[in-house]
Protein chains: 2
Amino acid sequence: MNSQCPVLSIFALGGVYEIGKNMYGIQYADDIVLIDCGSKFPDESLLGIDLIIPDITYLLDNSDKVRGLIVTHGHEDHIGGIPYLLRQLQMPIYGTRLTLGLIDVKLKEHGLIQSTHRIEIDSKSQITLGTISVSFFRTNHSIPDCLGVVFDTPEGTVVQTGDFKFDLTPVNQQSPDIHRMAEIGQKGVLALLSESTNAERPGFTPSEKHVGEHLIEAFNKAKQKVIVSTFASNVYRLQQVIDAAEITNRKLTLLGRSMINVVNIAAQQGYLHIPEGMLVETEVANQLAPEQVAVLCTGSQGEPYAALSRLSTSNLRQLKVLPGDTVILSATPIPGNERNVARIVDNLFILGARVIYGSGSVTGLHVSGHGSQEELKLMLTLMKPKYFIPIHGEYRMLFQHRMLAESVGVEHRHIHIINNGDVVDIQDGTARVERKIPAGSTLVDGLGIGVGSVLLRDRKHLSEDGILVVVVTRSKIDGKILSGPDLISRGFNYATNSDGLLEEAALAATAALHKLQEEHVNQWNRLKQGMKESIGQFLYAKTKRRPMILPIIMDV
Amino acid sequence: MNSQCPVLSIFALGGVYEIGKNMYGIQYADDIVLIDCGSKFPDESLLGIDLIIPDITYLLDNSDKVRGLIVTHGHEDHIGGIPYLLRQLQMPIYGTRLTLGLIDVKLKEHGLIQSTHRIEIDSKSQITLGTISVSFFRTNHSIPDCLGVVFDTPEGTVVQTGDFKFDLTPVNQQSPDIHRMAEIGQKGVLALLSESTNAERPGFTPSEKHVGEHLIEAFNKAKQKVIVSTFASNVYRLQQVIDAAEITNRKLTLLGRSMINVVNIAAQQGYLHIPEGMLVETEVANQLAPEQVAVLCTGSQGEPYAALSRLSTSNLRQLKVLPGDTVILSATPIPGNERNVARIVDNLFILGARVIYGSGSVTGLHVSGHGSQEELKLMLTLMKPKYFIPIHGEYRMLFQHRMLAESVGVEHRHIHIINNGDVVDIQDGTARVERKIPAGSTLVDGLGIGVGSVLLRDRKHLSEDGILVVVVTRSKIDGKILSGPDLISRGFNYATNSDGLLEEAALAATAALHKLQEEHVNQWNRLKQGMKESIGQFLYAKTKRRPMILPIIMDV
């Protein structure tokens with residue numbers, strides 16, 4: 001590689017080898033353009049963590065080069081990290097109207113709306129960011145106003161698809177711009193970054209319109225109120241629920257903060273068409289005959305505090321599920337959420353509801369927003385890139401996407417599966433993956449950004465075995481024990497069950513202390529260690545458990 | 001109900017409204033016969049809990065009436081609770097040879113083998129337990145030697161199916177005994193208890209033989225070693241892996257303690273036929289050419305410490321997965337395990353393995369051991385019970401099973417979906433569900449049985465926000481503060497991140513103490529409460545977190 005000449009670099013700060021926290025970067029010479037800044041939810045091993053966002057060390061180290069952030073669409077895994085990014089690094093943000101509307105909600109919550117330069121774009125926009133020209137193409141996904149992004153650089157053209165499917169009968173009449181994609185491909189694409197969510201799924205994802213027909217059928221069959229739970233951001237789905245309610249003469253009421261937010265923004269901006277007088281407050285809906293009521297609510301992923309979960313346990317003040325009501329889960333559980341969703345379905349059945357749940361391919365009441373294998377192959381065929389970088393997926397999905405790319409003629413050696421932080425450097429038409437930049441997960445815990453591994457290890461230990469605090473007071477003068485060891489426990493099972501266990505443990509600690517004192521050992525650390533070991537060994541022998549032991553010595 | 005005459009009572013102590021910890025009871029007059037005593041694994045909300053077993057309060061209160069425990073088959077959800085039951089209540093245990101073999105492993109671990117009366121039965125056995133005569137019929141499931149159970153009582157006949165499918169081409173030639181079932185049905189069944197695991201699944205579950213053909217195909221295609229992960233207890237599957245290895249001239253090695261245990265027991269007892277010389281130690285397998293090696297391992301559910309998981313991260317000393325090896329997941333993830341299994345698949349792909357994973361209906365490499373809707377209808381049709389009690393399933397499965405029973409002619413009012421603890425009392429041919437007996441979950445934590453809700457709440461609190469210990473020493477004489485408040489934290493994020501936060505919190509506590517002392521408040525409880533509140537309020541304002549605060553006052 002010629003170190004004198006500029007290089008085109010492509011990297012991910014999040015979104016590969018994982019689902020969530022998408023963030024990609026294109027750099028040419030001293031210009032860095034970013035694509036998306038998402039978040040993801042922690043799994044159960046990350047105790048007490050609220051959110052995971054990309055590590056932006058590389059951007060902080062190169063803050064003078066960052067020209068802007070382009071946001072492909074308004075889903076959390078593409079926008080959830082934006083406020084945390086902006087708290088550390090200011091930059092202009094480009095997005096379509098709906099995308100910016102959803103970002104603005106977050107910026108307001110974080111008090112960043114005034115300080116952030118937001119630029120509205122559409123699929124016809126053209127932007128110049130230093131040496132990089134940026135243009136767009138329209139795609140379909142489960143939220144309106146999605147963009148694919150084209151980066152023209154002196155080294156060649158890079159295309160990032162955003163999230164997409166090819167919905168040829170879209171609900172909003174906005175077809176995917178296949179002609180524009182063909183034109184981009186015809187001009188020549190040096191590198192394509194394409195999303196891999198459904199790379200394991202054969203065939204072609206059904207059209208969103210497919211759901212509309214089944215919704216109307218379900219609404220027609222329902223003898224009482226109909227409650228539909230879906231992702232609030234799936235504006236097309238919301239529209240089809242509104243349409244089904246209109247056809248079956250139902251008023252509509254909303255449950256869940258994000259549902260109310262999205263409906264407000266989408267209706268204001270003209271993405272959602274609600275017949276005059278259809279939307280009513282929940283108190284009003286409660287006064288209507290049940291066959292005149294439809295409900296849209298959050299919680300389709302089984303989130304414990306969302307509307308659907310609270311409905312299923314009759315814990316929502318505003319509305320109750322009554323025997324004979326119909327509940328439609330218009331969503332598929334994301335891996336990890338199956339158990340929570342199943343529990344909700346059970347509870348709804350127990351309340352006497354007719355519950356329509358399960359795979360969308362069976363019920364017809366959900367379709368994916370992501371293209372399946374044939375659509376991924378169509379995108380690859382349209383773009384006919386020299387280099388291909390599968391993005392937006394766990395490793396097996398990236399791997400399957402590579403197989404798809406090979407099947408349509410991309411050369412094996414031109415396909416790079418990269419991890420977050422790997423950099424694809426292209427110079428004179430030749431790509432190399434030899435460098436790494438810092439990348440990883442930044443954990444958000446309350447108001448704090450950044451949580452270390454010791455803390456998580458401690459939390460895990462505390463959560464499984466609890467804690468035992470051992471306090472001893474000694475005389476400052478001669479080191480004599482004045483009181484204690486006193487033992488206090490929390491979360492340790494045997495403290496309450498077993499007679500005299502802690503008393504015996506205290507005796508073990510006392511014996512250890514005396515022994516150390518006889519040996520004239522007087523350092524806090526060694527005394528603490530002695531107590532910890534003696535109590536730990538005693539308790540493990542008795543209970544096969546190892547609570548965290550926290551020895552405290554107070555010299556007075 | 002005539003209180004003078006004996007009543008036939010049917011109840012569940014576990015297994016309904018849930019998957020796992022099956023335990024059912026049949027009582028006539030003063031005779032109680034139990035069916036199965038299973039365990040289940042806790043979900044992530046039960047921090048630090050090892051196992052969940054049935055609450056047996058009712059049996060302890062009626063210990064003089066308990067005549068014995070009949071075990072339908074050797075799966076954990078049917079035998080896992082047995083040692084804990086026997087630690088509290090002795091009774092004879094009836095099971096087939098393999099079932100007893102698997103129970104014996106547990107009894108040895110708990111030191112109960114000497115004290116327990118175990119009686120081997122087969123499908124032809126007849127037992128008399130007080131007023132109840134017990135006989136059996138052969139069924140198919142994913143473990144050999146499964147029984148359905150027939151209870152003849154003076155009030156009528158009760159049938160409990162155990163777990164079953166109708167595998168008409170079974171691997172072991174042991175067809176389900178349909179003629180015997182027809183005969184039982186012909187004589188008249190007062191009440192049927194039938195399992196509901198696959199009540200949501202349409203059609204007929206494919207035969208286990210189906211898997212064998214696909215295994216041979218996959219073994220034939222494999223150019224290097226083949227690693228198959230499946231449930232150790234699925235002896236038929238193990239046999240088919242052995243057969244595929246034999247056909248493709250491979251030696252077989254085993255990984256995982258339960259795999260080695262089951263293969264030993266099943267081979268000893270003649271359930272498993274292993275060609276002479278096929279089974280080799282892993283060190284020997286490592287010396288062979290890769291195309292001569294097959295591996296059977298545990299961990300198909302993604303269990304973090306099982307063999308497959310450790311193989312996927314190259315953390316198993318004995319054997320490594322090399323690029324080009326084939327790994328077959330011959331199992332479907334149980335809900336809740338999807339994420340762990342997906343992580344393992346990813347890691348195996350990263351190692352360069354060919355991984356065959358995903359739904360058994362696509363790969364052909366797994367079939368369920370439970371009958372689907374048509375098989376459940378077949379059982380209902382054969383038994384034509386007057387009363388039907390769907391068991392062994394979460395509520396939605398029991399609900400769907402009720403719909404199936406209605407579809408084959410059981411009257412709606414004769415179907416009782418019961419929860420654990422509900423009792424179906426039948427007298428003079430009429431059933432009533434009006435009584436409850438104690439039932440619920442008993443939590444096992446290390447060597448302790450029984451964990452309370454306060455403890456779990458504390459663990460949850462500790463796991464999310466950590467703990468802050470506050471220690472003050474005071475003079476015994478005048479209550480003057482001699483040292484402290486000293487603050488020590490574990491698992492609380494801000495302790496390390498924020499400069500001086502704990503020092504400030506200590507000042508807040510000191511101020512609170514001084515104020516109380518000026519008011520001449522001297523009781524420990526009030527002083528502790530004062531410190532707790534002042535620190536809690538201060539930290540919440542600063543961090544939006546509420547760590548557990550544990551105040552300790554030492555008077556010296």
Side-chain angles (χ1 to χ4, degrees), chain A residues 17 43-44 47-48 200 335-336 338-339 342-343 345-347 349-350 355 357-358 394-396 399 445-448 450-452 454-455 458-467 469 471 473 475 482-484 486 488 490-494 496-498 542-545 548 550 552 554-556, chain B residues 17 43-44 47-48 200 335-336 338-339 342-343 345-347 349-350 355 357-358 394-396 399 445-448 450-452 454-455 458-467 469 471 473 475 482-484 486 488 490-494 496-498 542-545 548 550 552 554-556:
Chain A
Y17 282 59
D43 66 27
E44 62 273 13
L47 295 164
E200 295 170 287
E338 291 88 350
R339 202 145 45 178
R343 202 171 295 147
V345 171
D346 279 336
N347 288 334
F349 269 124
I350 292 171
V355 192
Y357 65 101
E394 296 180 356
Y395 185 84
R396 65 193 183 283
F399 181 90
D445 176 348
L447 296 183
V451 173
V454 172
L455 190 91
D458 280 355
R459 283 183 184 172
K460 187 163 166 57
H461 191 172
L462 289 168
S463 76
E464 291 177 349
D465 290 338
I467 189 168
V469 181
V471 198
T473 54
S475 160
L482 300 177
S483 78
D486 283 6
I488 304 107
R490 288 290 184 276
F492 175 56
N493 195 17
Y494 301 88
T496 48
N497 291 18
S498 306
K542 290 279 186 179
T543 69
K544 298 278 174 254
R545 286 291 183 182
M548 182 183 284
L550 186 61
I552 300 173
M554 305 283 281
D555 283 352
V556 291
Chain B
Y17 282 59
D43 67 26
E44 62 274 13
L47 297 164
E200 295 171 288
E338 292 88 349
R339 202 144 47 177
R343 202 173 294 146
V345 171
D346 279 337
N347 289 334
F349 268 125
I350 291 171
V355 191
Y357 66 102
E394 296 180 356
Y395 185 84
R396 62 193 184 286
F399 181 89
D445 176 350
L447 296 184
V451 173
V454 171
L455 190 93
D458 279 356
R459 284 182 182 172
K460 187 164 169 55
H461 190 172
L462 289 167
S463 76
E464 291 177 349
D465 290 338
I467 189 168
V469 181
V471 198
T473 55
S475 160
L482 298 177
S483 78
D486 283 6
I488 304 106
R490 288 291 184 275
F492 176 54
N493 195 16
Y494 300 87
T496 47
N497 291 17
S498 306
K542 290 278 186 182
T543 69
K544 297 277 174 254
R545 286 289 183 184
M548 182 183 282
L550 187 59
I552 299 173
M554 305 282 282
D555 283 352
V556 292

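This structure is a prediction, so every number in the text was calculated from the model and none was measured. Convention: sequence-line order gives letters A, B, ...; per-chain numbering from 1. Values below: every heavy atom of this structure, side chains too, minus hydrogens, waters and symmetry copies.
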Among [options], which residue forms the greatest number of heavy-atom pairs with chain A at distances under 4.5 Å?
options                      : answer
B:Ser475, B:Ala342, B:Pro335 : B:Ala342
B:Gly358, B:Gly466, B:Gly491 : B:Gly491
B:Leu462, B:Ile350, B:Thr473 : B:Ile350

Query - A:Arg459 side chain to A:Leu47 backbone, donor-acceptor under 3.5 Å - result: yes
Query raised in the report: Between the side chain of B:Asp465 and the main-chain N/O of B:Arg545, is any donor-acceptor distance below 3.5 Å?
Result: no
Report summary line: So, the part of A:Val471 with a heavy atom under 4.5 Å from chain B: the answer is both
Taking the side chain as every heavy atom from C-beta outward, state whether [X] and [Y] have any atom pair closer than 4.5 Å.
X        : Y        : answer
A:Glu394 : B:Phe349 : no
A:Phe492 : A:Met548 : no
A:Asp486 : B:Met554 : yes

Query - Heavy-atom proximity to chain A below 4.5 Å, by part of B:Asp43 - result: both
Query - B:Glu464 versus chain A, the contacting section by heavy-atom distance below 4.5 Å - result: both
Query raised in the report: Looking at A:Ile467, A:Val345, A:Asn347, A:Leu550, which one has more heavy-atom pairs under 4.5 Å with chain B than the rest?
Result: A:Leu550
Query - Largest heavy-atom contact set with chain B, pairs under 4.5 Å, which of A:Arg490, A:His461, A:Arg396 - result: A:Arg396
Report task. Decide yes or no on side chain to side chain contact (heavy atoms under 4.5 Å, CB included) for B:Glu200 and A:Tyr357, but give the supporting numbers first. Result -> CA-CA 11 Å; B:Glu200 295 171 288; A:Tyr357 65 101; 2.5 Å; yes
